[in-house]
Amino acid sequence: MKKLTMILAGVALLATSAPAFADNDRPIAVGELPAVSQEFIKTHFSGVGVSFSKVDEGLFDKDYKVVFVNGAKVEFAKSGEWKDVEYKYGEVPAAIVPQQIRDYVAKNYPGRKITAIDRDRRDYEVELDNGLDLKFDLKFRLIDIDD
């Protein structure tokens, strides 16, 4: 019985201390980002000032966020690959958006701009300047529309 009590106390201690380690944001310099992230910024945000950059180190994961002075935000995965690009006052650079998605938006929503794109292992999600969200699978087939 004493062992069971000790095990339960240990589990409770881990459960209560995990949140303290789960959200550890700290500012970093752009030069501290993974090389892939630095190259992405140099390619797509050349000449745009950085407002701040930070790393979020969780218990089992790590990601990076860069906010630019023009209102753009980019989130990078642990590997340095981009996960999310958002523009508050502009349009996501066309080179970031897969051609099939650009073609779909141009054909079905002429004149609309893509203001955000999010990608993960399962899909791409884009937001248009009219607030419409379009979700595509990895083969660039439309799977959901949300307004």
Would you say the side chain of [Y] lies within less than 4.5 Å of the side chain of [X], judging by non-hydrogen atoms?
X    : Y    : answer
P34  : Y64  : yes
D146 : L132 : no
I41  : V30  : yes
R26  : E57  : yes
F45  : V74  : yes
I96  : I117 : yes
V105 : L128 : yes
L142 : L134 : yes

Would you name the heavy atoms of [X] and [Y] that are closest together and state the gap between them?
X    : Y    : answer
S53  : A29  : OG-C, 3.8 Å
V50  : V69  : C-CG1, 4.2 Å
L138 : R121 : CD1-O, 3.0 Å
S37  : L33  : CB-CB, 3.9 Å

Just verifying a value: how many Å separate [X] [atom1] and [Y] [atom2], rounded to the nearest 0.5 Å?
X    : Y    : atom1 : atom2 : result
K113 : N130 : NZ    : CG    : 12.5 Å
D123 : R141 : CG    : CZ    : 12.5 Å
E127 : D133 : CD    : CG    : 5.0 Å
E125 : I101 : CD    : CD1   : 10.5 Å
D25  : D56  : CG    : CG    : 4.0 Å

I114-I145 co-clustered via ILVMFWY side chain contacts under 4.5 Å: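 Same cluster: I114 reaches I145 through Ile, Leu, Val, Met, Phe, Trp or Tyr contacts under 4.5 Å.
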
Same apolar cluster (I L V M F W Y, side chains within < 4.5 Å links), I143/V97: no

F140/Y124 aromatic ring centres below 6.0 Å: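 Ring-ring flag for F140/Y124: true, centres closer than 6.0 Å.
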
Aromatic ring pairing F76/F40, orientation class (parallel under 30°, perpendicular over 60°, tilted between):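 Plane angle over 60°, so perpendicular.
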
Could you list the donor-acceptor pairs under 3.5 angstrom formed between side-chain atoms of residues 78-90 and any protein atom two or more places apart in sequence or on another chain?
| unit_1 | atom_1 | unit_2 | atom_2 | d |
| --- | --- | --- | --- | --- |
| S79 | OG | E81 | N | 3.4 |
| E81 | OE1 | R119 | NH2 | 3.4 |
| K83 | NZ | D63 | OD2 | 3.3 |

Cationic N near anionic O, under 4.0 Å, R122 to D120: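 Looking at D120 together with R122, the answer is yes, because their closest N to O distance falls below 4.0 Å.
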
